[in-house]
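To start, the structure itself, in structure tokens.
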Amino acid sequence: MTLPKPDAAAYLPLTPALFHVLVSLADGDRHGYAIITEVRSRTAGEVRLSTGTLYGIVKRLLADGLIAESRSRSAAAHDDQRRRYYRLTPLGRHVARAEAERLDRVVAQARAKKLIRSVAEG
Amino acid sequence: MRLPLPDRIYRRLLRVFPAEFRADFGDEMQEVFRDERDEAAREGGRLRMLALWCRTITGILRTAPREHADVLSQDVAYALRGMRRNPGFTMSVILTLALGIGVNTGVFGIVDAVIFRPLPVADPDSLLVLLEQRKESVNHNFSYADYVDFRDRNRVLSGLIAAAPIGVSLDEGGASTRVRGEIVSGDYFSVLGVSPYLGRTFLPHEDSVPGAVPVAVVSHSLWRRLFPGDRAVSGHTLTLNRVTFSIVGVMPDHFRGVSIGAAAEVWVPMMMQGVAAPSEGLDLLSQRSASWLTVIGRMGEGVDEGRATAGMQDVERQLAEETSRPAARTLLLAPGRQGDSPLPGTIRRPLMVLWAAVGFVLLIACANIANLQLARAAARRREIVVRLSIGAGRLRLVRQLVTESLVLALAGGACGLLVATWTSRVLLALLPSRGDTLVLDASLDARVLGFTLVLSLVTGLVFGLVPALHASRQDLARSLRDAGASEEPQRFGRLGYRQVLLVAEVALSLVLLVGAGLTFRTLQNLRGLDTGFDRRNLLLVSFDLETAGFDRVRGADFHTRLTGSVAAVPGVTSASLASVPPVNAGGSRMSVFVPGYRPRPDEDMELNLMIVDAGYFRTMGIPVLRGRGFDGSERPGGARMVVINETMAARYWPGDNPVGKVIGFGGGEGPFDTMVIGVVADAKYRSMRE
């Protein structure tokens with residue numbers, strides 16, 4: 001039996017910071033510090049989350065059921081047992097994908113209007 | 001182990017978050033911040049460390065308000081659910097509060113307009129009202145000649161203006177209506193620092209030659225009434241006392257002159273006195289003995305009230321020497337931030353008493369609701385205990401309960417605004433005024449709305465805090481065990497909270513009852529007071545023939561016909577005329593001289609003077625004790641006659657019959673051309689306290 005999927009559109013659009021947190025969890029579970037460093041390196045330093053901003057987002061994502069606390073731990077030996085890891089829930093993945101598609105459509109429209117050039121033409 | 005300094009600082013910073021948020025994420029955030037700090041230290045550079053701190057602090061300050069708002073909105077939503085679940089409780093609390101807060105707001109609106117709100121002029125705190133103190137009385141009025149001397153000779157004021165209230169008849173499409181206004185010195189608007197809404201104010205040449213330039217400035221409301229929608233002033237005129245005035249400017253909506261409650265609609269320059277403030281053909285501008293102007297000054301740069309007073313008193317001394325006038329008066333300066341109005345003085349006390357009384361009523365309402373809350377807390381005990389036992393902090397619970405009270409109080413305050421408009425309307429109609437209607441701006445402006453908001457919040461705290469603290473102080477184990485069993489009341493000393501509240505309520509009610517009783521007693525005493533005339537079935541009508549364009553002959557004719565036709569109305573026993581209605585704070589006073597009478601050096605020889613007709617004493621039921629009253633045979637230009645009262649008879653002719661004696665109004669040397677024809681019983685003339 002599959003649960004009815006909540007409508008992802010109800011969560012859109014996401015704020016950039018919130019979207020980045022979801023994206024950083026897309027390829028594996030991470031703890032808070034790891035999310036901050038992942039987002040920073042992926043965006044080449046353009047997006048730097050502060051602890052306050054991050055945990056405000058984490059609280060909201062947990063409450064909405066887009067992420068959940070993960071029980072699996074990284075194998076790294078020095079990892080602190082007190083750290084909490086977070087993982088994307090199926091709903092979170094669904095919402096993140098919907099947001100990515102929305103952004104993609106927006107970019108496509110900008111391209112159609114010759115606002116930016118396509119990668120192929122680049 | 002003591003944490004390193006940066007960790008301690010960070011922990012402190014986290015305190016701006018709500019407790020729940022800290023409990024959920026505080027340790028973890030601390031951990032992450034330590035990692036970030038280690039990284040910044042590893043990768044080197046104070047600059048990176050500084051950037052990290054900046055980012056962290058701004059992040060916390062940006063996130064915390066949202067977290068608090070989340071908690072608040074949860075609490076409010078919870079409170080609203082609770083209110084919906086108990087509609088009876090909710091309605092009774094909101095209605096009680098609406099009454100309490102509404103009446104307080106309504107009274108505050110009037111208190112603010114009368115007592116606190118300054119004139120809407122530039123820097124009202126630097127204004128001073130000129131007063132003259134004679135032996136026992138303080139007068140607010142000066143002659144125009146005095147005003148000019150004060151204005152031109154003083155070195156302590158940056159400006160001095162004169163104004164007097166006027167009532168003029170305005171021709172409006174054939175009909176004539178009475179309009180209130182002010183006759184003002186030419187620099188009135190510039191010294192007050194009021195800019196016109198349209199057009200301009202008076203120019204110097206418009207207030208230099210008597211009767212030369214009939215110009216007027218009108219209020220915004222009069223402008224809207226006469227020329228709706230028009231924004232061009234030039235070319236518009238209005239007819240006041242049958243003379244055409246050119247309108248030169250329109251005042252902004254909030255400016256209604258320097259007398260609170262009088263609400264001027266039109267302003268004319270002093271030089272138009274002959275038309276706008278006629279006084280039986282007298283030229284008030286040249287007579288030093290005619291005191292009719294309010295004089296208001298603005299303190300100069302670096303001058304305080306003391307220096308201004310000393311400076312003005314110097315001028316007064318010079319004047320007294322030059323005019324060889326006896327120095328029977330002392331000049332005083334009073335704060336003029338509210339302009340000069342008899343109103344604040346006369347109704348200040350009753351208003352303050354009323355304000356205190358309605359404050360008590362609100363306190364009683366608070367005690368009542370606090371009691372209801374306590375009763376309800378007993379019913380909600382199980383809910384509260386469960387919440388405490390699943391880990392809600394006590395502070396969190398108090399916050400929740402107080403939020404419920406605040407939501408109730410704000411709802412009550414909002415409904416109270418309706419009650420407030422009604423209250424101020426009723427109160428305005430009840431306020432004592434002298435003949436004219438009182439026009440006060442007691443609308444719900446920002447000040448009044450702010451007052452309501454603060455009052456509602458304070459009220460919510462007052463009736464919410466004690467029950468909340470009380471409810472949250474539960475002995476968990478015992479409460480869970482006994483839940484449902486009867487509650488043992490919490491103690492406050494030897495009494496329960498509810499008893500304390502009851503005692504407070506009864507005490508407050510008693511204070512109000514005693515106050516009401518005393519007021520009622522005073523009223524009863526006033527009713528029983530002997531006024532010296534028969535108040536039963538006495539009716540009063542006021543009119544002004546002079547501004548309506550009647551001359552002496554036509555006026556006298558009108559008077560005769562009026563009293564004749566009123567007396568002819570079935571049921572009317574007699575009718576008469578008087579220049580001043582009985583027990584009226586106004587009226588004229590004149591110095592009286594009696595041959596052979598040596599006044600003491602500082603004796604006040606001014607007496608109240610009334611002009612009455614033949615039927616007056618009969619109509620008023622004032623007995624004639626000696627001689628006779630007027631009989632209708634008196635004629636203008638004929639023999640001058642007066643009727644005096646017992647007090648005057650005893651003062652000037654003790655033990656003697658004054659009938660047939662003469663007095664004079666000219667001076668100590670005579671002429672003594674007025675004969676006393678009768679003595680009547682004393683009555684009240686200016687106030688019931690005489």
Side-chain angles (χ1 to χ4, degrees), chain A residues 11 14-21 24-25 28-74 76-87, chain B residues 1 3 6-43 45 47-74 77:
Chain A
Y11 296 90
L14 304 177
T15 63
L18 201 141
F19 182 57
H20 277 301
V21 173
S24 85
L25 294 177
D29 303 354
R30 286 194 162 84
H31 56 66
Y33 179 60
I35 296 174
I36 289 178
T37 48
E38 196 276 339
V39 170
R40 190 181 63 211
S41 62
R42 179 159 46 79
T43 62
E46 210 175 285
V47 179
R48 288 167 186 269
L49 298 172
S50 73
T51 46
T53 313
L54 174 67
Y55 280 96
I57 290 171
V58 165
K59 184 190 143 196
R60 216 135 288 139
L61 291 176
L62 282 171
D64 286 346
L66 299 188
I67 63 171
E69 216 177 300
S70 162
R71 254 156 288 209
S72 62
R73 282 281 179 275
S74 141
H78 69 272
D79 233 35
D80 194 327
Q81 280 307 300
R82 279 180 306 179
R83 285 180 196 281
R84 271 195 281 186
Y85 279 69
Y86 299 99
R87 66 176 170 80
Chain B
M1 192 184 73
L3 283 171
D7 282 316
R8 270 181 289 151
I9 296 177
Y10 188 76
R11 193 143 282 272
R12 281 268 157 87
L13 280 173
L14 286 182
R15 287 204 192 158
V16 302
F17 284 108
E20 299 92 320
F21 187 85
R22 277 206 313 271
D24 282 349
F25 300 109
D27 290 342
E28 208 176 328
M29 289 169 82
Q30 182 101 46
E31 198 76 23
V32 173
F33 181 64
R34 196 175 298 142
D35 288 342
E36 284 189 290
R37 240 178 42 241
D38 289 348
E39 184 191 322
R42 253 195 335 269
E43 313 225 329
L47 223 57
R48 281 201 64 163
M49 191 62 87
L50 194 69
L52 172 65
W53 275 106
C54 287
R55 198 166 60 239
T56 303
I57 292 173
T58 49
I60 288 175
L61 293 182
R62 259 212 306 261
T63 320
R66 183 160 173 192
E67 296 304 325
H68 280 284
D70 269 5
V71 175
L72 186 67
S73 69
Q74 277 170 23

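Letters A, B, ... mirror the listed sequences (proteins, then strands); counts begin at 1.
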Which residue is it: A/Ile57, A/Val58, A/Asp64? I am looking for the one with a side-chain contact (heavy atoms from CB on, under 4.5 Å) to A/Leu61. A/Ile57
For each of B/Arg66, B/Arg62, B/Glu36, tally heavy-atom pairs with chain A at distances under 4.5 Å, and name the one with the top tally. B/Arg66
Taking the side chain as C-beta and beyond, is there a heavy-atom pair between A/His20 and A/Leu49 under 4.5 Å? no
Contact origin within B/Asp70 toward chain A - heavy atom pairs under 4.5 Å: side chain
Checking heavy atoms, do the side chain of A/Ile36, its backbone, both or neither come under 4.5 Å from chain B? side chain
Tell me, out of B/Asp24, B/Val32, B/Asp35, who's got the most heavy-atom pairs with chain A below 4.5 Å. B/Asp35
Is the shortest side-chain N to carboxylate O distance from B/Asp27 to B/Arg11 below 4.0 Å? yes
Determine the option with the most heavy-atom pairs under 4.5 angstrom with chain A, choosing from B/Phe21, B/Tyr10, B/Phe33. B/Phe21
State which residues pass side chain to side chain donor-acceptor pair (under 3.5 Å) with A/Arg30; sequence neighbours excluded, sorted by chain then number. A/Asp27
Minimum side-chain heavy-atom gap A/Lys59-B/Glu67 below 4.5 Å: yes
Do you know which two heavy atoms are closest between A/Thr53 and B/Gly59, and how far apart they sit? OG1-CA, 3.9 Å
A/Leu54 versus chain B, heavy atoms under 4.5 Å apart: side chain, backbone, both or neither? neither
Chain B contact via A/Arg60 - which portion, at a heavy-atom distance below 4.5 Å: side chain
